[in-house]
Amino acid sequence: MSRGTVVAIANQKGGVGKSTTAINLGAGLAFQGERILIIDLDPQGNTSSGLGIDRGSIEASTYDVLVDGTPVSDVLEPTSVMDLHVVPATIELAGAEIELVSVFSREQRLKQALGEVVEDYDFILIDCPPSLGLLTINGLAAADEVLIPIQCEYYALEGVSQLTRNIGLVTQNLNPELEVEGVLLTMFDGRTTLSADVVAQVREHFGDTTYKTVIPRTVRLSEAPSYGEPIEAYDAMSRGAIAYRELAREFRRRHGRT
C-alpha cells in the first residue's frame with residue numbers, strides 16, 4: 001500500500017477557518033472516495049466536536065499520543081462519515097507543550113506516532129492550533145505539506161510572513177521535505193469590496209499556490225459544527241457545501257487523483 005500524504009492546516013491567527021476546513025475538506029475527500037484521518041492538535045477541540053465526538057466521553061486523545069506514546073490506532077474515533085476517522089483533542093492537550101519540553105526529540109513526537117498508520121489512509125489532515133508553539137511545530141514536522149487558510153478580512157496577510165518564516169525554519173531544521181501545498185481564501189463576503197481586495201492581494205502574493213475555490217462566509221457553515229456534522233451532511237445544497245465539495249475536487253486534482 002502506498003503511503004498517505006500528511007497535510008498540516010496551519011495559521012497562527014485564530015478564527016481563519018482552520019477547523020472548518022479540516023472538517024469539511026476531510027469529509028469532502030471521504031465522500032469522494034478517499035480514506036481520511038484528521039488529527040485534532042488544537043486543545044479547543046473544535047474539530048473533534050464538529051465531527052460529533054463527545055469530548056466528555058473520550059478515553060484517550062492526541063494528548064496521550066504525544067505525551068505517553070499511546071499508539072494512534074488506539075485513539076482513533078469513527079465519525080458519521082464513512083472512511084473518515086479522527087484522533088480527538090481535549091483541553092488536556094494544552095498541558096502537552098509544557099510536559100514535552102524535557103522529552104527527547106519532542107518536535108518529532110507526532111511524526112513518529114503517525115508512522116504506524118500513514119499507509120492506512122490516503123490523506124492525513126492535521127488541524128494545528130492558532131499559535132506557533134510546540135504543538136504546531138509537531139504538526140509541521142510531521143507533515144509533507146502545509147495548507148494555509150487566510151480569511152478575507154483586514155490584516156489578512158498580517159502574520160502570514162511570520163508563518164512562512166517558521167515553515168522555513170522547520171524545513172531547515174526538522175523536515176526538509178515540507179512545502180506549502182496551498183493557500184485557501186475563507187470567509188469571503190461578496191457584498192464587500194474588502195473581500196475582493198484581499199482575494200486580489202493574496203493571489204498576487206502567493207500566485208498559483210492560491211486555490212481557485214474560495215470559501216464563502218455563510219450562516220450554514222457556522223451552524224453545522226453545533227450539530228456535529230460536516231456541511232455536506234448538514235445542508236448539501238448550501239453555498240458552503242458546494243464550495244468545500246469543489247475544494248475537495250481541486251485538492252484531489254492537485255494530488256494527481258481524478
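Every heavy atom of this structure was used, including side-chain atoms; hydrogens, water molecules and symmetry mates were not.
The CG atom of L134 lies 11.5 Å from the CD atom of E99; values are rounded to the nearest 0.5 Å. For the atom pair Q108 CD and I137 CD1, the distance stands at 11.0 Å (nearest 0.5 Å). Atom OH in Y121 sits 4.5 Å away from atom NE2 in H85 (nearest 0.5 Å). If you take CG on L247 and CG on L185, they are separated by 11.0 Å, rounding to the nearest 0.5 Å. To the nearest 0.5 angstrom, E59 atom CD is 10.5 Å from D64 atom CG. Taking CD1 of I124 as the start and CD1 of I36 as the end, the distance is 9.0 Å to the nearest 0.5 Å.
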Legend entry - salt bridge (Lys or Arg N to Asp or Glu O under 4.0 Å) between R249 and E246, intermediate numbers included: CA-CA 5 Å; R249 286 194 197 100; E246 186 47 49; 3.1 Å; yes
Legend entry - Working for side-chain contact (heavy atoms from CB on, under 4.5 Å), residues I53 and V86: CA-CA 9 Å; I53 306 295; V86 63; 3.7 Å; yes
Legend entry - Derivation of the salt bridge (Lys or Arg N to Asp or Glu O under 4.0 Å) call for D122 and R35: CA-CA 5 Å; D122 297 306; R35 292 159 306 155; 2.8 Å; yes
Inset, instruction - Would you check, one step at a time, whether the test side-chain contact (heavy atoms from CB on, under 4.5 Å) holds for L169 with Q172? - result: CA-CA 5 Å; L169 285 171; Q172 263 173 26; 4.2 Å; yes
Legend entry - Stepwise side-chain contact (heavy atoms from CB on, under 4.5 Å) test for E153 and V198: CA-CA 7 Å; E153 288 172 6; V198 172; 6.0 Å; no
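Counting only heavy atoms from C-beta outward, the side chains of L132 and L163 approach each other to under 4.5 Å. Between Y244 and I23 the shortest side-chain heavy-atom distance does not fall below 4.5 Å. When side chains are defined from C-beta on, S105 counts as touching Q112, because their heavy atoms get closer than 4.5 Å. Side-chain contact between R245 and F31: absent, with no pair of heavy atoms (C-beta onward) separated by less than 4.5 Å. Two residues are said to be in side-chain contact when any heavy atoms from C-beta on lie closer than 4.5 Å; S238 and T218 fail this criterion. Taking 4.5 Å as the limit, some side-chain heavy atom of P129 sits within range of a side-chain heavy atom of T136. For the pair D189/C152, no side-chain contact is recorded, criterion being any heavy-atom separation below 4.5 Å from C-beta on. Proximity of I150 to F206: side-chain heavy atoms (C-beta onward) are separated by under 4.5 Å at one or more points.
Each of D42, L66, T62 was scored for a side chain to side chain contact (heavy atoms under 4.5 Å, CB included) with L135, with one residue passing: L66.
Electrostatic pairing of D40 and R55 does not count as a salt bridge here, judged by no charged N lying under 4.0 Å from a carboxylate O. By the 4.0 Å N-to-carboxylate-O rule, E223 lies close enough to R220 to be salt-bridged with it.
Of all heavy-atom pairs spanning A143 and L178, the tightest one is O-CD1, 3.6 Å. Minimum interatomic distance between P216 and L221 (heavy atoms only, all atoms of both residues): O-CD1, 3.6 Å. When all heavy atoms of A60 and P88 are compared, the closest pair comes out as O-CG, 4.1 Å. When all heavy atoms of Y211 and G182 are compared, the closest pair comes out as CE1-CA, 3.9 Å. Contact record, G139 with A8: O-CB, 3.9 Å, taken as the closest heavy-atom pair. Considering every non-hydrogen atom in both S61 and T90, the closest pair reads OG-OG1, 3.7 Å.
At distances below 3.5 Å, at least one donor-acceptor pair connects side-chain atoms of R106 with backbone N or O atoms of V101. A donor-acceptor pair is defined here as one N or O able to donate and one able to accept, closer than 3.5 Å; such a pair exists between the side chain of S48 and the backbone of A89. Put simply, the side chain of E250 gets close to the backbone of K212: a donor and an acceptor are under 3.5 Å apart. Between the side chain of K13 and the backbone N or O of V160 there is no donor-acceptor pair closer than 3.5 Å. Not one N or O on the side chain of R217 forms a donor-acceptor pair closer than 3.5 Å with the backbone of Q151.
Other residues, nucleotides and ligands contribute over 12 non-hydrogen atoms within 6.0 Å of the CG atom of D68. Under a cut-off of 6.0 angstrom, the local environment of CZ in R191 is sparse, with at most 12 non-hydrogen atoms contributed by other residues, nucleotides or ligands.
Taking hydrophobic clusters as Ile, Leu, Val, Met, Phe, Trp and Tyr residues chained together by side-chain heavy-atom distances below 4.5 Å, I148 does not share a cluster with V16. Each of L110 and I9 belongs to its own hydrophobic cluster when Ile, Leu, Val, Met, Phe, Trp and Tyr are linked at side-chain heavy-atom distances under 4.5 angstrom. V6 and L140 are assigned to two separate hydrophobic clusters, defined by single-linkage of ILVMFWY side chains at heavy-atom distances under 4.5 Å. When hydrophobic clusters are built by joining Ile, Leu, Val, Met, Phe, Trp and Tyr residues whose side-chain heavy atoms come closer than 4.5 Å, directly or via intermediates, L84 is grouped together with L147. Cluster annotation: I215 and F188 are assigned to distinct hydrophobic clusters (Ile/Leu/Val/Met/Phe/Trp/Tyr, side-chain heavy-atom contacts under 4.5 Å, transitive).
No side-chain donor-acceptor contact under 3.5 Å links E145 and T5. H255 and E34 share no side-chain donor-acceptor pair at under 3.5 Å.
A cation-pi contact, defined as under 6.0 Å to the ring centre and within 45° of the axis, is absent between R252 and F123.
Residues passing the side chain to side chain donor-acceptor pair (under 3.5 Å) test with N166 are Q162, sequence neighbours excluded.
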